[in-house]
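In the text below, chain A, chain B and the rest are named by the order of the sequence lines, each starting its count at 1. Note that the structure is a prediction, hence the values are computed from the model and not measured. Computed over heavy atoms, backbone and side chain alike; hydrogens, waters and symmetry mates excluded.
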Amino acid sequence: MKTVEPAHSAAPGRPEQASPAPSAKPAKAGRKNQDRVHALLMVAPAVGGLIAFVGIPFGYAVVLSFYNVRLGSPLEPSFFGLEHYRRLFTDPDQSGPFLRALLNNLTFAAVVVPLQTGLALGLAILLNRKLKAIGLFRSLFFMPVVFPMALVAVIWRLILARSEQGMLNSLLDAVSLGNWGAFDWLGDTATAMASIVVLSVWQGVGFQMVILLAGLQQIPGELYEASELDRASRWQQFRHVTLPGIRGTLVFVALLTSVMSFRIFDQVYILIRGGGLDEDATRTVMYQAVTTAFDQNNIGQASAITVVFFLIVLVLTIVQRRVVRPDNED
Amino acid sequence: MAMTRTPVRRILDYSVLSVLAFVFVLPVLYLFLGSLKPSDEVLNGLSGFLPTHLTFDNYSAVLDSLNSDSTGYFWQFMGVSVLVAFVVVTGGLFVNSMAAYGLSRLKWRGREAVFTLVLLLMLIPFESVAVPLFYMFNGQRNTLYIQAVPFIANAFAIYQFHTFFRKIPTSIEEAARLDGAGPWRTFFAIIVPMSRPVFASVAILTFLIQWGSFLWPVLMVSDPSVRPLPLEISVFQGQQPPDWGQILAFGVLLVLPVLVVFAFFQRWFVQGVASSAVKG
């Protein structure tokens, strides 16, 4: 037991307490107590911070969602039970924008997850070769990831500008030999969400690409050599070597993208507030939470929205773990 | 694979990549070129792209127009962003690595429970605590520290450090202990120096996320004197009528620090991202 213990710290304490070896025990127990004090001192600042700024606020969100609370109101917060939740889902005044936001989120995810994952996979395969300057290409595709979303929104506001002088409009005008007039990409209900999808994918695809590239590089080269000896076509190689090789990574990336797509806020908020983006077609759950808390000063309702938001993200995360784990075992 | 590649194939690869990369980088080129053009030529159809009349006027105009108490000062916005990012990154490296060490290398009762708690807290995205935090700290609005302090402790950073520390052979610590080093000295003198890669990738990922932080400032900051850059650009681009040359120049000033860091530490950026793919 003693020879195994130092190498495996997975079961702390217990084997030793059970072992009846009296000789070394007092010294070791003393060191253990000291270790415990040191360990607690080391762990306390970070875990204390997490409890103060994540754990307690989260519990508070649940509590606040049962109360009618307003900032700076002379009225005491009053208990509201499940009323906020009922209103969110059934009261037309409040459920209208909220359910619309939920639907927008789902639409966004349904488009972005396959589109961005597919694009990232395509790029990763293209960039997974031994070419000179491949590092430069990888950096170029990764670059937008470092752009703050607030800036991405501003750049694309200009590209998608509704005037004839807007970059996209004038490009289409040139390509269509003058048959294309001014189109309001952000303001039109039909294209507002598509615009948000384009700028979000542009900013985010490099992130997924890098993860998939790491997955591709773990596929043993012999598998490709063997399949080449079997005269497999490129498509067969892709189907029978590449895809199975990165299945776990691919599922992980798809679920990561879906979680991230639910968190979308910055670009929607900025463009709705100052960029002429159609509000109804693009409001998201987080946008709804912020405007409810901030503009309507309805903290209880906003908390109920963030609790619903959390539950959705939690389900996605649990699915993610469930799906990825079996793959790890074989 | 590389053996079967013919020169033709290679040229094809380069062409496909070059075309894709060009289209992909267009918005960035547009940002940089536009920032160097007279404002009235930015939103000017396809010629808005052509680099005619290059000038740095927009940059000096941004610094001039954001240079009073009513508009706020550009260097103040920059200072706030730099300061907050600095506190979150350095403070975070310190407390999160220390906690991860205590959780991965020291043996004590309750350690599994605390680590499980950290993993559970990692499941809670910031978005779902933003509203109650805003309510709890409403009295601290428009302060600098409320922008930084809540983000120092970071469950995901602890997890990244934990994963790295777990792989260090125990014999290293045993040796240090025989030499009489306690856990603190072992950590700071031995573990930290040999863990530079994980420190670098956590630092860079934290900096990246913090530099672009927007939701929290929207809720907590209204006063220009403590406004960080991303919030200010959203205010600045909403001015009527918009001055596009200045807005793009502002954008370049906002992203340039990250691009410089990125250029120097690309490897760590990529590692930081890839390590977020560690399957749990």
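Between B/Trp184 and A/His38, the ring-plane angle classifies as perpendicular under the 30° and 60° cut-offs.
Looking at B/Ile233 and A/Ile270, their side chains never come closer than 4.5 Å, going by heavy atoms from C-beta outward. At least one side-chain heavy atom of B/Tyr101 sits under 4.5 Å from a side-chain heavy atom of A/Met42. The side-chain heavy atoms of A/Phe310 and B/Pro125, taken from C-beta on, include a pair separated by under 4.5 Å. Using a 4.5 Å heavy-atom cutoff, the side chains of A/Trp156 and B/Pro27 are in contact. Counting heavy atoms from C-beta outward, A/Phe58 and B/Leu123 have side chains that stay 4.5 Å or more apart. A heavy-atom distance below 4.5 Å is not found between the side chains of A/Val313 and B/Ser128. Annotation: side chain of B/Leu106 is not in contact with side chain of A/Val43 (no heavy-atom distance under 4.5 Å). By the 4.5 Å heavy-atom criterion applied to side chains, B/Trp108 and A/Leu40 are counted as neighbours.
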Please step through side-chain contact (heavy atoms from CB on, under 4.5 Å) for the pair A/Met149 and B/Phe214, ending with a clear verdict.
-> CA-CA 8 Å; A/Met149 201 38 112; B/Phe214 185 75; over 6 Å; no
Report the C-alpha distance between B/Leu17 and A/Leu127 in whole Å, list the side-chain angles of each, state the deciding distance to 0.1 Å, and finish with yes or no for side-chain contact (heavy atoms from CB on, under 4.5 Å).
-> CA-CA 8 Å; B/Leu17 278 174; A/Leu127 291 168; 3.7 Å; yes
Decide side-chain contact (heavy atoms from CB on, under 4.5 Å) for A/Phe141 and B/Leu20; before the verdict, give the C-alpha distance in whole Å, the side-chain angles of both, and the deciding distance to 0.1 Å.
-> CA-CA 9 Å; A/Phe141 287 107; B/Leu20 275 176; 3.8 Å; yes
For B/Leu215 and A/Tyr269, what are the C-alpha separation, side-chain angles and deciding distance, and is it a side-chain contact (heavy atoms from CB on, under 4.5 Å)?
-> CA-CA 9 Å; B/Leu215 170 60; A/Tyr269 184 86; over 6 Å; no
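For the atom pair OG (B/Ser234) and CG (A/Leu271), the distance works out to 10.0 Å, reported to the nearest 0.5 Å. Considering CG of B/Leu26 and CD1 of A/Ile155, their distance stands at 11.5 Å, rounded to 0.5 Å. Here the straight-line distance linking atom CZ of A/Arg138 with atom CD of B/Gln266 works out to 11.0 Å at 0.5 Å rounding.
Looking at residues two or more places apart in sequence or on another chain, you find no ring pair (Phe, Tyr, Trp, His ring centres under 6.0 Å) involving A/Tyr287. By the salt bridge (charged side-chain N to carboxylate O under 4.0 Å, His left out) test, A/Arg263 is found to be paired with B/Glu127, residues two or more places apart in sequence or in another chain being considered.
With a threshold of 4.5 angstrom between heavy atoms, A/Phe147 approaches chain B through its backbone and through its side chain. For chain B, the nearby parts of A/Ala293 are the backbone and the side chain; heavy atoms of each come within less than 4.5 Å. With a threshold of 4.5 angstrom between heavy atoms, A/Val146 approaches chain B through its backbone and through its side chain. Proximity to chain B is limited to the side chain of A/Leu314, based on heavy atoms less than 4.5 angstrom apart. Residue A/Val63 does not touch chain B at all, counting heavy-atom pairs closer than 4.5 Å. For A/Val54, the parts lying under 4.5 angstrom from a heavy atom of chain B are both the backbone and the side chain. Using a 4.5 Å cut-off between heavy atoms, A/Leu199 makes no contact with chain B at all. Contacts between A/Ser139 and chain B at a heavy-atom distance below 4.5 Å involve backbone atoms as well as side-chain atoms. With a 4.5 Å cut-off on non-hydrogen atoms, A/Val69 touches chain B through its side chain but not through its backbone. The contact between A/Leu41 and chain B is made by backbone and side chain atoms together, counting heavy-atom distances below 4.5 Å. Using a 4.5 Å cut-off between heavy atoms, A/Ala61 touches chain B through backbone and side chain atoms alike. For a residue to count as touching a neighbouring chain, one of its non-hydrogen atoms must lie under 4.5 Å from one of that chain's; by this rule A/Ser65 does not touch chain B. Of the two parts of A/Met143, the backbone and the side chain both hold a non-hydrogen atom closer than 4.5 Å to a non-hydrogen atom of chain B. Proximity to chain B is limited to the side chain of A/Ile134, based on heavy atoms less than 4.5 angstrom apart.
Nearest heavy atom pair, residue A/Pro57 against residue B/Leu133, reads CG-CD2, 3.7 Å. B/Gly212 approaches A/Asp266 most closely through the heavy-atom pair O-OD2, 4.1 Å. Minimum heavy-atom separation, B/Val255 to A/Pro148: CG2-CD, 4.0 Å. Closest of all the heavy-atom pairs between B/Val218 and A/Phe294 is O-CZ, 3.7 Å. Nearest heavy atom pair, residue B/Ile158 against residue A/Ala46, reads CD1-CB, 3.9 Å. Between B/Val131 and A/Ser303, the shortest heavy-atom contact is CG1-OG, 3.8 Å.
Checked against the 6.0 Å centroid criterion, the rings of A/Phe53 and B/Phe137 qualify as a close aromatic pair.
At least one donor-acceptor pair under 3.5 Å links the side chain of A/Arg157 to the backbone N or O of B/Gln237. Remark: side-chain polar atoms of B/Tyr14 are paired, donor with acceptor, to backbone N or O of A/Lys132 under 3.5 angstrom.
Exactly one residue among B/Leu120, B/Val95, B/Leu117, B/Leu121 makes a side-chain contact (heavy atoms from CB on, under 4.5 Å) with A/Leu50. That residue is B/Leu121.
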